[in-house]
Peer 1: 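Let me give you the structure first, and then I'll get to my questions.
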Number of protein chains: 2
Amino acid sequence: MRGSERRELVLSAAAEVFGERGYVGATTDAVARAAGVSQPYVVRMFGSKAALFEAVLERSLDRLLETFRSAAAEVGRSSPGQQELAACVGRNYVDLLRDRGILLSLMQAFMLGADPEIGPIARAGWIRVYRTLRDEIGLTPEAVVDVLSGGMLINTLVGVRLAADWEEPDVRELLETALPTKVGILRELADPDASGT
Amino acid sequence: MRGSERRELVLSAAAEVFGERGYVGATTDAVARAAGVSQPYVVRMFGSKAALFEAVLERSLDRLLETFRSAAAEVGRSSPGQQELAACVGRNYVDLLRDRGILLSLMQAFMLGADPEIGPIARAGWIRVYRTLRDEIGLTPEAVVDVLSGGMLINTLVGVRLAADWEEPDVRELLETALPTKVGILRELADPDASGT
DNA sequence: GTCTATAGGGCGATAGAC
DNA sequence: GTCTATCGCCCTATAGAC
């Protein structure tokens, strides 16, 4: 395995662990275990836990923005309306959930805006998201806010793992209202064995 | 000062600290300092850090649901439509931001759904929010989802402290689009001295 | 009730072998 | 490049005085 591959392996594992436990709650040892390497190696590879988290955020943001761009390219040939654009961005966004850790690690960073190191990075990321949706995708500010609102609700529903209470009828009603066509993904995330039922 | 007052003092301080740093990142020492008491006393008062966090969540959820109910009472006499109800709930929700810590401590709990202790509590809280909005306030599931979407966006914008970059024009545009009439509150939260400018 | 002092455990980071 | 061993710090929780 080449160095770049091992680096990507650790980054992917770290995104999941940071997404689940938050920046402070995640341990470099848990990341190392998830990646199948030793704890000191994780630290040595990135210099520090903080630097590892920043690398995770950069990678997650890149994937998110790429997803937005490919969504725009999907419907872009026919100069679509705001609603069509926003709907397509939303669909691709939900598919991102399959790559556990990307959206949740970003969300964990967003909740640490008061941190003197992470805060500025999180705000810069948030601004990049806004500009990409407005300038590259071509959404109006109002449409961007709608997309972001739905996205933050989805992030929260995934973060709280509400689908774990799927047997509860009100949970089903809420999830099916919030994600009319994409509930299956949430159920997969809550319980990998329940995807087919 | 009576015991119940001191308890409320510690709970209020804890809500802010947990909201800013997350459950793991918050230290009982920081809570104690914010409340002006000693660190061991905070632990003794609630038994453990986990029990303190759970008390914070219970208090925060109670205040949130009370806010929803008072919003409904505000417009309730004239059997209002869904849009009017949802708008009133949204207005009162934003006013809750003045009580720093309430919404953010809940949000921090929502991001820890994978935690075996906090996860079930967070999910139960989420379900109570949904049922209150649907059954007591009388919103349709679709209207509840709209209210929750906007709420999660606001929580995230406050958590990331985007208003700290107020001099950035795109930040102004985003915040004024997301909270047309209530931007002042975000600016107060970002910088207590900037409320009048 | 509330404090000071401190024990005990976990985690990030370093040293150094291979 | 990758590991094992370990240091030193910080944080929760306990002991015990007042």
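Both backbone and side-chain heavy atoms feed into the values below; hydrogens, waters and symmetry mates do not. Keep in mind that what you see is a predicted model, and the values were worked out from it rather than measured. Lettering of chains follows the sequences in order, A, B, ..., and the numbering in each one begins at 1.
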Peer 1: Which whole-number value in Å describes the distance from B/Met45 CE to D/dA13 P?
Peer 2: 16 Å
Peer 1: Side chain to side chain contact (heavy atoms under 4.5 Å, CB included), that's the test. Do A/Arg187 and A/Trp166 meet it? Break it down for me.
Peer 2: CA-CA 8 Å; A/Arg187 301 195 61 196; A/Trp166 181 257; 3.2 Å; yes
Peer 1: Does B/Arg128 pair with B/Glu136 as a salt bridge, N-O distance under 4.0 Å?
Peer 2: no
Peer 1: Quick check: closest heavy atoms across B/Arg21 and B/Gln108, and the distance to 0.1 Å?
Peer 2: C-NE2, 4.3 Å
Peer 1: So which protein N/O to nucleotides 4-11 of chain C N/O distances come out below 3.5 Å?
Peer 2:
none

Peer 1: Starting from P on D/dT14, measure out to CZ on B/Phe46 and report it in whole angstrom.
Peer 2: 16 Å
Peer 1: Can you tell me how far P of D/dC11 sits from OH of B/Tyr23, to the nearest Å?
Peer 2: 14 Å
Peer 1: Under 3.5 Å, side-chain donor or acceptor atoms of residues 174-182 of chain A against the rest of the protein: list the pairs with distances, not counting sequence neighbours.
Peer 2:
| from | atom 1 | to | atom 2 | distance (Å) |
| --- | --- | --- | --- | --- |
| A/Thr177 | OG1 | A/Glu173 | O | 2.6 |
| A/Lys182 | NZ | A/Asp95 | OD1 | 3.1 |

Peer 1: Could you tell me the separation between the CZ atom of A/Phe53 and the P atom of C/dA13, rounded to a whole number of Å?
Peer 2: 14 Å
Peer 1: Nearest 0.5 Å please: distance from the CD atom of B/Glu168 over to the OH atom of A/Tyr130.
Peer 2: 10.5 Å
Peer 1: When we call it a touch if two heavy atoms are under 4.0 Å apart, what does B/Arg44 touch: a base, just sugar-phosphate, or nothing?
Peer 2: base
Peer 1: What is the separation between atom CZ on A/Arg33 and atom C1' on D/dT4, rounded to the nearest whole Å?
Peer 2: 14 Å
Peer 1: In whole Å, what is the span from the CZ atom of B/Phe18 to the P atom of D/dC11?
Peer 2: 13 Å
Peer 1: Return the set of residues passing salt bridge (Lys or Arg N to Asp or Glu O under 4.0 Å) with A/Arg63 (not counting sequence neighbours), or none when no residue passes.
Peer 2: A/Glu8, A/Asp99
